[in-house]
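Data block below; observations after.
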Amino acid sequence: MLNLDLLNAYPALAVSLAFIFALMIGSFLNVVIYRLPVMMEREWQEQFEEMQAEDSDAATGKQTADRFNLAVPASACPKCGHKIRWYENIPVVSYLLQRGKCSGCQTTISKRYPAVELITAALTAGIVSIYGLNMVSLSLAIFTWALICLTMIDYDTQLLPDNITLPLLWLGLLVNSFGMFTTLHYAVAGAMAGYLSLWSIYWLFKLLTGKEGMGYGDFKLLAALGAWAGIDQLPVIILCSSLVGAVVGISLIVFKQHEKQNPIPFGPYLAVAGWIALLWGQDITQYYLQLISV
């Protein structure tokens, strides 16, 4: 078993090991990002079919015959069906060796796969460089990995799966029961206020316009962020996410890269703002208070 004290005595080694390990985590996150929405869609379809089916046994047999989860079936090229071998699945390295193309049909592989791996590795290594190898950095790493998944899934599908947001919320309350990032009192209040604040805005907007301005997944994500960072960091999260979301959204519309009638997912902005607030929220708040007191 690795001696954490020994590794922490050599920060460069600890950061390097964290980077390599997080590359593998990033590869798994790519699987989650792609497969979890498909799994959700299949589950909804199966539930619908069960309601419509007269023979429930036949419906059950169909489900078990067509398994699809994070482990099954094995990864393959979506175009030619080429089964990805283990040495073709080494994070970043395989992509570079194959020059970004499938070895079976030479179809271009999306650059997003190595990008997710590198971002996961870079953020995790950055956390270890700041906090060292300990429970705080492990908790922050898990928090980061979950937010990366939620960001990419929401960007692709405008869904924020309960499979990730709800465990993230409970984990935030758990780690703060030990006072890791804030007090348990602030964490519980943050979860409640996070959910209710966006819930209130949602219903106010709907009453005024008759339209839905956001989804329930956004409420749950902000509740999870409040559970991690505490109620005192919610203003920082909401302000930063709204500001960045407005700037990006207006820019996309102005430069004709997004139609006005198409909704823009808010989850990625919440995720980025929540990550920043958890790591540097206190510093941002203190700087702002000093600035307005001048």
Once rounded to the nearest 0.5 Å, what's the spacing between atom [atom1] of [X] and atom [atom2] of [Y]?
| X | Y | atom1 | atom2 | answer |
| --- | --- | --- | --- | --- |
| Gln282 | Gln286 | CD | CD | 6.5 Å |
| Leu196 | Leu222 | CG | CG | 10.0 Å |
| Trp275 | Ile237 | CH2 | CD1 | 13.5 Å |
| Arg67 | Arg42 | CZ | CZ | 12.0 Å |
| Cys102 | Ile84 | SG | CD1 | 7.5 Å |
| Leu168 | Leu147 | CG | CG | 6.0 Å |

Can you confirm whether [X] sits close enough to [Y] that some side-chain heavy atom of one is under 4.5 Å from a side-chain heavy atom of the other?
| X | Y | answer |
| --- | --- | --- |
| Ile130 | Leu140 | no |
| Leu198 | Leu221 | no |
| Tyr195 | Asp218 | no |
| Lys220 | Asp162 | yes |
| Trp170 | Leu174 | no |
| Tyr216 | Leu160 | no |

**Request:** May I have the step-by-step check of side-chain contact (heavy atoms from CB on, under 4.5 Å) for Thr107 and Lys101, ending in yes or no?
**Result:** CA-CA 5 Å; Thr107 298; Lys101 295 181 180 180; over 6 Å; no
**Message:** The test is side-chain contact (heavy atoms from CB on, under 4.5 Å); show your working for Ser177 and Leu173 and say whether it passes.
**Reply:** CA-CA 6 Å; Ser177 67; Leu173 295 177; over 6 Å; no
Any donor-acceptor N/O pair, [X] side chain to [Y] backbone, under 3.5 Å:
| X | Y | result |
| --- | --- | --- |
| Asn30 | Tyr113 | yes |
| Asp154 | Leu150 | no |
| Ser27 | Met24 | no |
| Thr151 | Ala271 | no |
| Ser137 | Asn134 | yes |
| Glu117 | Val92 | yes |
| Asn176 | Ala227 | yes |

If you take all heavy atoms of [X] and [Y], which pair is closest and at what distance?
| X | Y | value |
| --- | --- | --- |
| Ala277 | Gln233 | O-OE1, 4.0 Å |
| Val116 | Met152 | CG2-CG, 4.5 Å |
| Ile238 | Ser197 | CD1-OG, 4.2 Å |
| Ala223 | Leu169 | CB-CD1, 3.6 Å |
| Tyr95 | Ser110 | CE1-O, 3.9 Å |
| Leu225 | Leu270 | CD1-O, 3.3 Å |

According to a 4.5 Å side-chain heavy-atom criterion applied to Ile, Leu, Val, Met, Phe, Trp and Tyr, with indirect links allowed, do [X] and [Y] form part of one hydrophobic cluster?
| X | Y | value |
| --- | --- | --- |
| Leu278 | Leu239 | no |
| Leu234 | Met192 | no |
| Phe48 | Val38 | no |
| Ile119 | Leu96 | no |
| Leu171 | Leu279 | yes |

Return yes when atom [atom1] of [X] has more than 12 non-hydrogen atoms of other residues, nucleotides or ligands closer than 6.0 Å, and no otherwise.
| X | atom1 | result |
| --- | --- | --- |
| Glu41 | CD | no |
| Tyr34 | OH | no |
| Phe205 | CZ | yes |

**Prompt:** Parallel, tilted or perpendicular: which describes the rings of Phe181 and Trp228, with under 30° parallel and over 60° perpendicular?
**Reply:** tilted
**Prompt:** How are the rings of Trp145 and Phe21 set relative to one another: parallel (under 30°), tilted (30 to 60°) or perpendicular (over 60°)?
**Reply:** tilted
**Message:** Among Ile153, Asn69, Thr157, which residue satisfies the side chain to side chain contact (heavy atoms under 4.5 Å, CB included) criterion with Leu36?
**Reply:** Ile153
**Request:** Check Val15, Leu13, Val128 against Leu7 for a side chain to side chain contact (heavy atoms under 4.5 Å, CB included) and give me the one that passes.
**Result:** Leu13
**Message:** As a quick check of understanding, evaluate side-chain contact (heavy atoms from CB on, under 4.5 Å) for Phe266 and Ser242, giving each step before the final call.
**Reply:** CA-CA 8 Å; Phe266 191 47; Ser242 300; 4.1 Å; yes
**Message:** Go through it in stages, so that I can follow the logic: the residues are Ser75 and Arg85, the test is side-chain contact (heavy atoms from CB on, under 4.5 Å), and I'd like the CA-CA distance, side-chain angles, deciding distance and then a yes or no.
**Reply:** CA-CA 9 Å; Ser75 298; Arg85 306 176 184 90; over 6 Å; no
**Request:** Verify whether the ring centers belonging to Phe219 and Tyr202 lie closer than 6.0 Å.
**Result:** yes
**Message:** So, using salt bridge (charged side-chain N to carboxylate O under 4.0 Å, His left out) as the criterion, who are the partners of Lys206 when residues are at least two apart?
**Reply:** Glu212
**Message:** Please enumerate all residues that pass side chain to side chain donor-acceptor pair (under 3.5 Å) together with Trp199, with sequence neighbours excluded.
**Reply:** none
